[in-house]
**Student:** 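Pasting in a structure now, in structure tokens, and then I'll have a few things to ask.
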Amino acid sequence: ERELEFRRKIREALAYPAVVLGAAVLVVAVFLTYVVPAFERVYSAAGAQLPPLTRALMATSRAVRSILPAVALLVPAAVLPYARSVVLRWLRALALPVVERMPRIGRLLHTARAARFLYGLGSALVAGIPLLQALELAARGAGRARWGQTLREPVEEGRRLADAVRRLEGFPPLASRLVALGEETGRVGDMVLKAADVLDREVEVQLRRLLAALEPALTVLMAGVVGVLLLALYMPIFHLGRAVLGR
């Protein structure tokens, strides 16, 4: 239920940025596929001298048109469920390491994953599951199975759970301090769930801040991309008249 609710919030929050980004991709695709080749033919027939920006745009257009048949082969992925799931897993595996290194988005993902892990761990401990088994269950539930082994070894050696979770990549320091407080008071399960609640609220705050910056940034990016495309297309016009008169 928590996972479904979190995904629902993400989908609702990203609806407007997705529309803006989709419009930008559509505009760029139309420019590169139809508009740029028309200008390229005109400039080639007129013998216009093309600046570097325009030549780069023409080369990009040719490259995009050359891969269109390969892109067309991916169309069935939007129709067939199995093909779509395979493509989405491939894209996720390719993009996730890059996204996690982005400053604000990476922090948001790390916080959400830590909250998911702590909820699983706290629920298992409150239900009476032994700590070592609860660690492995929570790690698999968070999509980070290797966390189970990373945490199991120091706990088996007698170290504190709070010290072990600090070794996890991107784990929020506040959560580890709450886990330490739970160990000191003998209420590990309750404090782990409390830490998960705190991280959940932090995820919502980070998401609102990210969207507040993302929406105008996407709008400016779209305007900038269109502006660069138009500039690259119309720069040779200033030299086109002299090229024609020279003939």
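Being a predicted model, the structure only gives us computed values, none of them experimental. Just so it is clear, the values below take in all heavy atoms, side chains as well, and ignore hydrogens, waters and symmetry mates.
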**Student:** Suppose we screen for salt bridge (charged side-chain N to carboxylate O under 4.0 Å, His left out). Which residues come up paired with Arg166, at least two apart in sequence or across chains?
**Tutor:**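 Arg166 satisfies salt bridge (charged side-chain N to carboxylate O under 4.0 Å, His left out) with Asp163 only.
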**Student:** Check whether any side-chain heavy atom of Glu183 sits under 4.5 Å from a side-chain heavy atom of Leu161, and report yes or no.
**Tutor:**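 Yes, close enough: below the 4.5 Å cut-off.
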**Student:** Run the side-chain contact (heavy atoms from CB on, under 4.5 Å) test against Val19 and tell me which residues pass, sequence neighbours left out.
**Tutor:**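 Scan of Val19 (side-chain contact (heavy atoms from CB on, under 4.5 Å), adjacent residues dropped) gives none.
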**Student:** Who pairs with Arg208 by salt bridge (charged side-chain N to carboxylate O under 4.0 Å, His left out), at least two apart in sequence or on another chain?
**Tutor:**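 In terms of salt bridge (charged side-chain N to carboxylate O under 4.0 Å, His left out), with neighbours along the sequence ignored, Arg208 is linked to no residue.
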**Student:** Arg107: what forms a side-chain hydrogen bond (donor to acceptor under 3.5 Å, both in side chains) with it, not counting sequence neighbours?
**Tutor:**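 Per chain and number, Arg107 pairs via side-chain hydrogen bond (donor to acceptor under 3.5 Å, both in side chains) with Glu202.
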**Student:** Just checking, is any N or O donor in the side chain of Ser66 or Arg62 under 3.5 Å from an acceptor N or O on the other one?
**Tutor:**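 The answer is no; no qualifying pair exists.
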**Student:** Restricting to salt bridge (charged side-chain N to carboxylate O under 4.0 Å, His left out), what partner residues turn up for Asp190, sequence neighbours left out?
**Tutor:** Arg187
**Student:** What residues join Tyr119 in its hydrophobic cluster, counting side-chain heavy atom gaps under 4.5 Å, either direct or through other members?
**Tutor:** Val126, Leu193
**Student:** Which residues satisfy the side-chain contact (heavy atoms from CB on, under 4.5 Å) test with Leu137, sequence neighbours excluded?
**Tutor:** Ile129, Gln133, Arg140
**Student:** Can you give each donor-acceptor pair under 3.5 Å made by side-chain atoms of residues 216-232, sequence neighbours left out, with the distance rounded to 0.1 Å?
**Tutor:**
{"unit_1": "Thr219", "atom_1": "OG1", "unit_2": "Glu215", "atom_2": "O", "d": "3.1"}

**Student:** What pairs with Thr150 under side-chain contact (heavy atoms from CB on, under 4.5 Å), at least two apart in sequence or on another chain?
**Tutor:**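 For Thr150, the residues satisfying side-chain contact (heavy atoms from CB on, under 4.5 Å) (neighbours in sequence not counted) are Leu168.
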**Student:** List for me each residue that meets salt bridge (charged side-chain N to carboxylate O under 4.0 Å, His left out) alongside Glu136, sequence neighbours excluded, and say none if there are none.
**Tutor:**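 Glu136 satisfies salt bridge (charged side-chain N to carboxylate O under 4.0 Å, His left out) with Arg152 once adjacent residues are dropped.
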**Student:** Test of understanding: with side-chain contact (heavy atoms from CB on, under 4.5 Å), list the residues that count as partners of Arg167, not counting sequence neighbours.
**Tutor:**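 side-chain contact (heavy atoms from CB on, under 4.5 Å) check on Arg167 returns Pro154, Arg159.
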**Student:** Cluster partners of Val205, using ILVMFWY side-chain heavy atoms under 4.5 angstrom, listed by chain and number?
**Tutor:** none
